[in-house]
Asker: 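Questions regarding the structure given below will be posed in turn.
The chains referred to below are lettered A, B, ... by the order of the sequence lines, with proteins before strands, and numbering in each begins at 1. Below, each value reflects all heavy atoms present in this structure, side chains not excepted, and no hydrogens, waters or symmetry copies. Remember, it's a predicted structure, so these values are computed and weren't measured experimentally.
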Protein chains: 2
Amino acid sequence: MQVKLEDVAKLAGVSPTTVSRVLNNRGYISEKTRKKVEDAIKELNYYPNDIARSLFKKRTNFIGLILPTINNPFFSELALYIENICSNYGFKVILCNSLGQLEKEKSYAEMLIRHQVDGMIVCSYNRGIEAYKNPKLPIVAIDHYLSPTIPVIGSDNYEGGRLAVQHLIDVGCKSIIHINGPFDLETPTQNRRKAYEDLVEKPITYELNNLFNEEATAATIRQIFNDYPETDGIFASDDLIAATCLKVAQELHIDVPKQLKVVGYDGTQTVSSLLPQLTTIRQPIEDIAKTAVIKLNEIIEETQNDKTMEIILPVQLVKNRTA
Amino acid sequence: MQVKLEDVAKLAGVSPTTVSRVLNNRGYISEKTRKKVEDAIKELNYYPNDIARSLFKKRTNFIGLILPTINNPFFSELALYIENICSNYGFKVILCNSLGQLEKEKSYAEMLIRHQVDGMIVCSYNRGIEAYKNPKLPIVAIDHYLSPTIPVIGSDNYEGGRLAVQHLIDVGCKSIIHINGPFDLETPTQNRRKAYEDLVEKPITYELNNLFNEEATAATIRQIFNDYPETDGIFASDDLIAATCLKVAQELHIDVPKQLKVVGYDGTQTVSSLLPQLTTIRQPIEDIAKTAVIKLNEIIEETQNDKTMEIILPVQLVKNRTA
DNA sequence: TTGAAAGCGCTAACAT
DNA sequence: ATGTTAGCGCTTTCAA
């Protein structure tokens with residue numbers, strides 16, 4: 001049996017109330033009593049039961065984090081910052097990998113509600129999740145429009161797309177192809193595509209429907225060189241896709257950057273360590289994390305002054321050797 | 001105010017017990033009553049409060065996952081699998097990034113205990129954490145010896161080191177250097193170093209004390225080429241270090257693999273996408289995750305038959321272009 | 001400065 | 001087949 005507050009009280013010869021007071025530093029306690037209680041806590045190696053506390057307080061200090069997969073440099077970097085900042089706020093993070101599946105995401109969202117999380121950060125979205133519609137539940141989204149009442153944090157996707165494509169044009173590309181994830185209006189990342197379409201005369205976008213399967217991505221890219229052998233520039237909507245482009249180019253003996261220039265998107269630390277030659281658009285990942293947590297905390301604490309529904313942070317072109 | 005079981009009971013015109021029975025599918029309930037209750041649940045959009053349930057059952061279905069940083073391909077892949085498998089077992093994962101800091105790790109461990117986690121998976125270890133010593137707390141460790149009573153899961157580090165070094169020898173290296181993290185007896189990953197020392201005549205190991213700082217790593221590697229210009233082979237204790245070796249080699253105009261051969265360690269999907277040319281030792285990450293969760297679950301459920309304290313899974317040499 | 005008692009939302013004996 | 005009651009471990013009025 002776990003040691004509980006009552007055991008501490010008995011050993012210290014005081015009432016449970018007094019022990020609670022010492023634990024929470026509330027009300028008046030004589031130094032003598034405090035000492036007795038503290039000694040008892042040490043002696044019994046007592047840890048307060050936060051579940052019981054949460055039940056009473058109706059506050060768990062849990063935050064749910066829903067993302068497609070943590071095994072992706074962008075999300076793992078984002079998650080690292082989010083968890084770190086949350087921990088400064090006293091929040092604990094429950095990790096949920098939806099794998100992009102509606103059923104999984106739905107059941108995670110419901111699980112989080114049953115566990116009484118104080119709020120959720122959602123970086124993934126499949127339509128039709130009722131749980132997100134509850135206006136009482138504090139949620140912030142990253143790069144996804146969940147509902148009109150849920151604030152969205154993200155970087156300047158249009159500007160990122162513009163910087164990428166303009167750079168390809170500036171370095172002489174004539175036939176630029178864009179590769180993106182599934183076409184989906186619910187995410188502002190589609191603005192990367194929009195910028196591309198606005199800047200290029202005859203835009204051609206290839207859609208990747210299974211981002212989790214690198215072989216499928218490679219097959220699509222091979223198809224591109226088959227369909228459009230004149231391609232001399234690729235703007236990939238994330239760095240992993242860009243990496244696969246480089247892989248396929250090498251396999252087809254296409255020289256990068258001489259014959260083909262490639263720009264990726266995200267600019268994580270992991271990619272800059274493993275693939276330092278990649279030219280990419282760097283998102284301000286730490287800022288996104290910080291902004292999301294601060295915003296969520298404001299909603300939870302009901303201290304929101306700024307009711308902005310979409311926060312857009314600046315991006316940066318990082319020039320390296322692939323473009 | 002959140003809707004609670006009692007509200008459902010009132011609306012359905014039954015007692016709270018009956019509602020609880022419907023929710024948990026326990027005992028006899030007439031179809032009629034069940035229907036009434038289910039309708040009330042729908043109408044009120046009721047979600048059971050798992051905090052209250054946990055308090056009663058003394059079972060939270062929470063698992064704490066402590067690792068140095070999720071923003072590392074090995075840990076993010078491991079965490080993905082662990083979370084996935086946990087979710088099949090009905091466990092929810094609380095993510096803790098210790099950043100290798102004793103104070104952080106200690107406070108995470110205590111937080112997890114206060115939150116009444118059913119168990120913990122620890123992939124990080126700083127000596128002197130009392131919380132791990134509680135024999136009542138189910139823990140499994142990955143690649144770290146926390147205490148004699150805590151089972152350790154990992155891959156065959158000695159064999160991995162042997163495969164890596166033997167391969168470098170086989171492809172003709174005469175002066176092989178090893179780069180490893182901080183020398184620390186508490187982790188079986190030191191067996192990678194041991195294998196190196198057993199296989200090489202005049203072993204020289206460089207220690208990296210700050211794995212989180214790529215620039216420091218690069219500086220150490222530059223130092224190697226300064227101290228030992230004859231170096232023609234490097235066995236790095238992880239792929240990120242290996243990547244930095246390649247970066248520095250390029251900077252110093254050392255041709256890989258002609259003048260220098262490099263073997264890494266881990267063989268994650270992320271590295272194989274971003275740095276496909278790297279020769280490395282692949283750990284069976286999914287198996288490690290699966291084994292850890294199954295073992296932890298056995299300890300929690302007290303159904304452990306196999307009391308093995310160290311489970312060692314096989315590794316594999318993945319030959320690519322850097323060696 | 002301290003204690004007694006009620007209750008957070010749920011479950012499970014034990015009754016009926 | 002359903003309801004009554006007590007209690008999980010804690011906090012907080014309220015009283016002393």
Asker: Just how far, in rounded Å, is P of C:dC8 from CD of B:Glu6?
Answerer: 8 Å
Asker: Are side-chain heavy atoms of A:Asp50 and A:Arg53 found at a separation under 4.5 Å?
Answerer: yes
Asker: Look at the side chain of B:Thr17 and decide which nucleotide, out of D:dC10, D:dT4, C:dG3, has an atom nearest to it.
Answerer: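 Nearest to the side chain of B:Thr17 among the choices is D:dT4.
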Asker: Among C:dG3, D:dG3, D:dG9, find the nucleotide with the atom closest to the side chain of B:Ser15.
Answerer: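 Between C:dG3, D:dG3, D:dG9, the one nearest the side chain of B:Ser15 would be D:dG3.
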Asker: Taking only side-chain N and O atoms of A:Tyr28, does any of them lie within less than 4.0 angstrom of OP1 or OP2 on C:dG3?
Answerer: no
Asker: Give one of base, sugar-phosphate or nothing for B:Thr33, where a contact means two heavy atoms less than 4.0 Å apart.
Answerer: sugar-phosphate
Asker: Just N and O in the side chain of B:Tyr46: are any of them under 4.0 Å from OP1 or OP2 of C:dG9?
Answerer: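 Checking C:dG9 against B:Tyr46, no side-chain N or O comes under 4.0 Å of OP1 or OP2.
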Asker: Can you tell me which residue among A:Leu44, A:Asp39, A:Val37 is in a side-chain contact (heavy atoms from CB on, under 4.5 Å) with A:Ile41?
Answerer: A:Val37
Asker: So does B:Ser20 reach the base of C:dA12 with its side chain, donor to acceptor, closer than 3.5 Å?
Answerer: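 Between C:dA12 and B:Ser20, which were checked side chain against base, a qualifying N/O pair under 3.5 Å is absent.
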Asker: Report the residue (B:Leu55 or B:Val14) whose heavy-atom-nearest nucleotide on DNA chain D is the more 5′ of the two.
Answerer: B:Val14
Asker: Separation of B:Asn25 atom CG from C:dA12 atom C1', in whole Å?
Answerer: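 From B:Asn25 CG to C:dA12 C1': 16 Å.
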Asker: So does B:Lys10 have more than 12 non-hydrogen atoms from other groups sitting under 6.0 Å from NZ?
Answerer: no
Asker: Students often get this wrong, so: under 4.0 angstrom with heavy atoms, is B:Ser30 touching a base, only sugar-phosphate, or nothing?
Answerer: sugar-phosphate
Asker: If you find the nucleotide of DNA chain C closest to A:Gly13 and the one closest to A:Ala52, which residue's nucleotide is nearer the 5' end?
Answerer: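 With A:Gly13 and A:Ala52 compared, the 5'-side residue is A:Gly13.
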Asker: When the distance from CG of A:Asn61 to P of D:dC10 is rounded to whole Å, what number comes out?
Answerer: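 Rounded to whole Å, this separation is 16 Å.
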Asker: Rounded to whole angstrom units, what separation is found between the CG atom of B:Asn49 and the C1' atom of C:dG9?
Answerer: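 Going from B:Asn49 (CG) to C:dG9 (C1'), I get 6 Å.
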Asker: What is the nucleic acid contact for B:Arg21, judged by heavy atoms within less than 4.0 Å: base, sugar-phosphate only, or nothing?
Answerer: base
Asker: Return all side-chain donor-acceptor pairs below 3.5 angstrom for residues 292-300 of chain A, not counting sequence neighbours, or 'none' if the list is empty.
Answerer:
| from | atom 1 | to | atom 2 | distance (Å) |
| --- | --- | --- | --- | --- |
| A:Lys295 | NZ | A:Asp306 | O | 2.9 |
| A:Lys295 | NZ | A:Thr308 | O | 3.2 |

Asker: Under 4.0 angstrom, heavy atoms only, what part of the nucleic acid is A:Thr18 near: base, sugar-phosphate, or nothing?
Answerer: sugar-phosphate
Asker: Just how far, in rounded Å, is P of D:dT13 from CZ of A:Phe56?
Answerer: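 Between P of D:dT13 and CZ of A:Phe56: 7 Å.
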Asker: Rounding to a whole Å, what distance do you find between A:Lys32:NZ and C:dT1:C1'?
Answerer: 13 Å
Asker: Nearest to the A:Arg26 side chain among C:dA12, D:dT12, C:dG9, which nucleotide is it?
Answerer: D:dT12
Asker: Under 4.0 angstrom, heavy atoms only, what part of the nucleic acid is A:Asn24 near: base, sugar-phosphate, or nothing?
Answerer: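 The answer is sugar-phosphate, as A:Asn24 gets under 4.0 Å only of primed atoms, P, OP1 or OP2.
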Asker: Does A:Lys58 put a side-chain nitrogen or oxygen below 4.0 Å from OP1 or OP2 of D:dT11?
Answerer: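 Checking A:Lys58 against D:dT11: no side-chain N or O falls below 4.0 Å of OP1 or OP2.
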Asker: Is there a side-chain contact between B:Ile139 and B:Tyr132 (heavy atoms, below 4.5 Å)?
Answerer: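 SC-SC contact between B:Ile139 and B:Tyr132 confirmed.
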Asker: Once you round it to whole Å, what is the distance between P of C:dG3 and CG of A:Leu5?
Answerer: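 Value for this atom pair: 12 Å.
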Asker: Please determine, by modelled atom types, if A:Gln116 and A:Ser54 share a side-chain donor-acceptor pair under 3.5 angstrom.
Answerer: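 No.
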Asker: Separation of A:His115 atom NE2 from C:dC10 atom C1', in whole Å?
Answerer: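 That distance rounds to 14 Å.
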